[in-house]
Asker: 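I'd like to ask you about the structure that follows.
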Amino acid sequence: MFSIVDQRINCRSYELTTAHRIKCSKQSGIKRTEIMEYDFRHIEKKWQQFWRDSGAYKVSNDSGKPKFYVLDMFPYPSGAGLHVGHPLGYIASDIYSRFKRLNGYNVLHPMGFDSFGLPAEQYAIETGQHPAVTTEKNIHRYHEQLDNIGFCYDWSREVRTSDPGYYKWTQYIFLQLFNSWYNRHNDRTENIQTLVDIFEREGSQLVVRGPRDTIFSAEDWRSYHEVQQQEILMQYRVAYSAFGEVNWCEALGTVLANDEVVNGVSERGGHLVVKKKMRQWYLRITEYADRLLQGLERVDYSDAMKEMQRNWIGKSQGAEIDFKINGETAGEHGFIKVYTTRPDTIFGVDFMVIAPEHELVKFITTPAQKNEIEKYLGYVKSRSERERMAEVKQITGAFTGAYVSNPFDGRAIPVWISEYVLAGYGTGAIMAVPCGDQRDFSFAKHFNIPITNIIGNFYNGEEANPTKDATLQNSGFLDGIVMREAIDIVINKLEEQGIGKRQINYRMRDAGFSRQRYWGEPFPIVYKGGVAYALDEKELPLELPYLDTYGPGPEGEGPLANVLDWEIAPGGGRRETNTMPGYAGSSWYFLRYMDPHNQTELVDRKVADYWGQVDLYIGGTEHAVGHLLYSRMWTKALYDLGFIGFDEPYKKLVNQGMIQGSSRLLYRLNFRQNAVDADQEQQAKQGAGSNPVYVSHSHYKALINIKDKTSEILEYLRPFNLELPSNTGEITVDLNPIHVDVALVDGVELDIPAFRQSKPEYESAILVLEEGQVLLPGKSLPEAADRYICGAETEKMSKSKYNVVNPDEIVNRYGADTFRMYEMFLGPVEQSKPWDTKGIEGVHRFLRKFWKLFIDEQKGLVLTNDAATPAELKVLHKTIKKIADDTERFSFNTAVSAFMVCVNELNDLRCHKVEVLEPLLILLTPYAPHISEELYYALNAFRGIGDQRSILDAAFPPVEEKYLVESSKEYPVSVNGKVRTNLTLSLDASQQEVEELITANETIQKWLEGRAPKKVIYVKNKMINVVI
RNA sequence: GCCCGGGUGGCGGAAUUGGUAGACGCAGCAGACUCAAAAUCUGCCGCCUUCACAGGUGUAUCGGUUCGAUUCCGAUCCCGGGCACCA
């Protein structure tokens, strides 16, 4: 017998002698009932303490074992704390980490906090509490909550993005990017000095990328003034500043995020929001577009994820074509350049649309159209980009009055502006081909522009047809050619004639890297004479100054612009007052975990080489494009610059789904006196009718159909003898579902006493119960067993819907092991699913049954050393195989049911044998580490093994196939695809044998009705199908 | 609007490569134990017809491929996520 629960565990002297253990075991007989049951609270606390004190989760950078790096997308520590949806991915990664550890890997599984961000700042504005203070508090809370669940994090490696020791290196990397340019010749990020060398030697010829780049010779370069040189270099830096548009809200004096803008006005306060150009920092991620695309082929992300990233990058092949503006003589404004992916449709161009922001708009607009264009520009200014792309039903635009010529047939083409053409994509101008593009078609119809059909029967006049298979008509030299083939012909001709060229475009834009906010990394940049200079690395970290108020600075600048003595740098010049966005710190945190305390480097190269890529990354799909692309780009830049030896950060990515809340609804009937005059209206508003009545779900279902008919509702309620207003003509009844806190509900049954106590208004509520009993105000328990049944709805987990479930509560009630397994049991990690606390009982029962295989409540330890039977070994090895397999492919939910099946079967076999249970215990460890460690201890005590070895480092048991071999199988036998009977056959049965047995079978003969089967399909180890 | 994902019993889900649809669990029903309750144990549990045997039907809807479709193809409907300053 053993007794560890009784032991006051002192972890330093934890190793008990065998003699001592036996003594304890004998003593334990006295306190049998205490120690025999599965006391998870005690067990979990004890082992968590033990693991902490023994440094069980400490990870070394130096190990003979193969490495494995498991990473979670680290959380933003919000004030609301964790709800049961958050740990889903953490539990999955924890199980996988522990699984890998049992399989002999040195596993890095760190956790930290993405602790810069807007919510903390918003909270500071509202409450005056400094973001550093609230962030610290929130992190503390997260720590407690995470620790409760028993994760195997090495907390000594924790990082926080808002910690100066961390953001020093974020700033450092920014400076590397600032001091770099992207060399297209060798596709590498290089130090800006190599560019300066090129300029000095040969001018800009070799590195010019587009029409907007300045062209100059080596002599020119040398003659340039410092400011000019810096301006040119800025056009090449990987981190660069330029002017860009932001959502500017004059009334709030601040810049708003997209999701703070609704229908052109601010979400808070409804003030007008317009676009405003401001100096911004950007990352030149577009230079990495192709590598980001190619890199996807070397990583293991879901196809959906890769697809999303590809779409975001949006690589397209097409042509740029110059259209001559009629009436203009060449020169600067002589042409409008369009980008098209369908140059084959050039003869179908009936009009041209340029973005309202296009620089040529003001030059080409004719005096007659000036008014209309300006009116339209005013409208566009109030529209967000998303709105502009989303609302295609609403067609808007304005005619500039100008015409261009079709480069091949000279046809005059009217030039319009419309919001559906975006300035940032392509050249900001399109050639519109209404017969082939639906948006162009709608636009043409709306503005009565005649449509040219170049695709014959493929076009029906009702809608556009984007086919590439049509044979071209009305298309000059392209007549008779299939569109698909015409594309190249046109491009070649354009290039020959010098009026266009082949062009690859990306929808992706450079990443905006400035935020006009306080709670983020300050830029290590000082402006002198209008030129941005990097701080010296020795001056890092540039710490965020302490602020008391967080209001915006002048002219839309961030709060830092209000702190003059910070803004003015010691050596002269002004600091950048923008801060970096949320994804700055999160773009490289996976590197810092490897070497979190390094004072001299962001990560030691040797350490980075040891850990290498993250082998498994788990997080939500909401980061599919943003965070993942930025992070991938940073990794490529750091690789080019020699900091690390790999250029893709995450080898495998698993996306966890969301756990939604399961809301509970009460159905409230409000009785309102109909207003005859203002006085009564006032009365009605004050609820001067009677108490609200809450009806149970069955009544709601009956009432919902008559909810607009007050008299019928009152009629329905009459049998309940409620004291209701009698003059039916003068009252109105409303039926409203309202959210009730899920903590007040057991399953769908309302906990009436708790409900009464939760709010004063509920104290006085009248409840009509499911079977028709009525509970008057203040009354709680009905005489007979009747219940109030709530409605249920699946929605996002949020405070306002009262459906948030805190993991602490669950852990307290059922234990961390149960919680961990239940989260997994809910369904596939990748899938979204609702939380239902009720179902957790099943998992908890499983753990108790599991416990009972080892320890009986009455008899104590029931383990035996008897040899296992073949049946028992089969159960064991079937389970090992299934668990290893399921865990490896992240199918944790089926693994949990495999454990349940196994325990049910061992129960039926009354198996308490160590030979079977010990391997099983090791299998369970990743899922339920606490109970496993406890039972492992018990098992070792039973065997009288001296040293307490932790189960964390046990060896994962191997599958022995020999116990799984079968010689026969029960085959389902179908007739025409419908199963009619079963037949047990030897596994090496031949087709002929099967056919003979089939035709002899009674049931099958019945279906054959004397005919011979047309065909007998026999798939070995699967099924048999008889075709009649 | 565009991109991505998902629709299977009362509920969460299983069916790994086209081969017995509903494993496992919750809820429910019936029984055992108990003075009683809880806990525990046993059995039943998609829908329809049937005392039963058995039969029909069934994986959002419609259509197709196949000996055989939850799985593959086409169309439609519904729900969730993302769309560049929320993180």
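Letters go in sequence order (proteins before strands), and every chain restarts at 1. Since the structure is predicted, the reported quantities are computational estimates derived from the model, not experimental observations.
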Asker: Pairs counted as Watson-Crick or G-U wobble with both distances under 3.5 Å: what dot-bracket string results for RNA chain B, using | for bases tied to another strand?
Answerer: (((((((..(((......[....))).(((((.......))))).((((....))))..(((((..]....))))))))))))....
Asker: Would you please name every residue forming a side chain to side chain contact (heavy atoms under 4.5 Å, CB included) with Met900(A), sequence neighbours left out?
Answerer: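 Side chain to side chain contact (heavy atoms under 4.5 Å, CB included) list for Met900(A), sorted by chain: Phe825(A), Val843(A), Phe846(A), Val896(A).
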Asker: Between protein and nucleic acid, restricted to nucleotides 2-9 of chain B and to nitrogen or oxygen atoms under 3.5 Å apart, what atom pairs and distances do you find?
Answerer:
from, atom 1, to, atom 2, distance (Å)
rC3(B), O3', Asn311(A), ND2, 3.0
rC3(B), O2', Asn311(A), ND2, 2.6

Asker: How are the rings of Tyr589(A) and Phe74(A) set to each other: parallel, tilted or perpendicular (split at 30° and 60°)?
Answerer: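 Because their plane-to-plane angle is under 30°, the rings of Tyr589(A) and Phe74(A) count as parallel.
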Asker: Who are the side chain to side chain donor-acceptor pair (under 3.5 Å) partners of Thr577(A), not counting sequence neighbours?
Answerer: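 In terms of side chain to side chain donor-acceptor pair (under 3.5 Å), with neighbours along the sequence ignored, Thr577(A) is linked to Glu557(A).
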Asker: What pairs with Trp248(A) under side chain to side chain contact (heavy atoms under 4.5 Å, CB included), at least two apart in sequence or on another chain?
Answerer: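 Residues passing side chain to side chain contact (heavy atoms under 4.5 Å, CB included) with Trp248(A): Glu250(A), Val255(A), Val274(A), Lys276(A).
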Asker: By side chain to side chain donor-acceptor pair (under 3.5 Å), which residues pair with His627(A), not counting sequence neighbours?
Answerer: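 His627(A): side chain to side chain donor-acceptor pair (under 3.5 Å) contacts with Tyr617(A).
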Asker: Can you sort out which residues in residues 276-285 of chain A have a heavy atom within less than 4.0 Å of RNA chain B? Ascending by number, please.
Answerer: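 Those residues are Gln280(A).
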Asker: Can you name the side chain to side chain donor-acceptor pair (under 3.5 Å) partners of Lys881(A), sequence neighbours left out?
Answerer: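 Lys881(A): side chain to side chain donor-acceptor pair (under 3.5 Å) contacts with Glu961(A).
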Asker: Please enumerate all residues that pass side chain to side chain donor-acceptor pair (under 3.5 Å) together with Ser586(A), with sequence neighbours excluded.
Answerer: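 With sequence neighbours excluded, Ser586(A) shows a side chain to side chain donor-acceptor pair (under 3.5 Å) to no residue whatsoever.
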Asker: When syn is taken as a glycosidic angle within 90 degrees of 0, is rG13(B) syn or anti?
Answerer: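 Anti, angle beyond 90° from zero.
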Asker: Is there any side-chain hydrogen bond (donor to acceptor under 3.5 Å, both in side chains) pair reaching into residues 828-840 of chain A, and which pairs are they, with sequence neighbours excluded?
Answerer: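 Output for this query lists Asp746(A)-Lys838(A), Trp835(A)-Thr837(A).
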Asker: Going by side chain to side chain contact (heavy atoms under 4.5 Å, CB included), name the residues that satisfy it together with Ser316(A), two or more places apart in sequence or in a different chain.
Answerer: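 Checked Ser316(A) against side chain to side chain contact (heavy atoms under 4.5 Å, CB included); matches are Tyr339(A), Thr341(A), Tyr425(A), Asn505(A).
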Asker: Considering only residues two or more places apart or on different chains, which pairs with a residue in residues 1015-1028 of chain A satisfy salt bridge (Lys or Arg N to Asp or Glu O under 4.0 Å)?
Answerer: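 Those involving residues 1015-1028 of chain A do not exist here.
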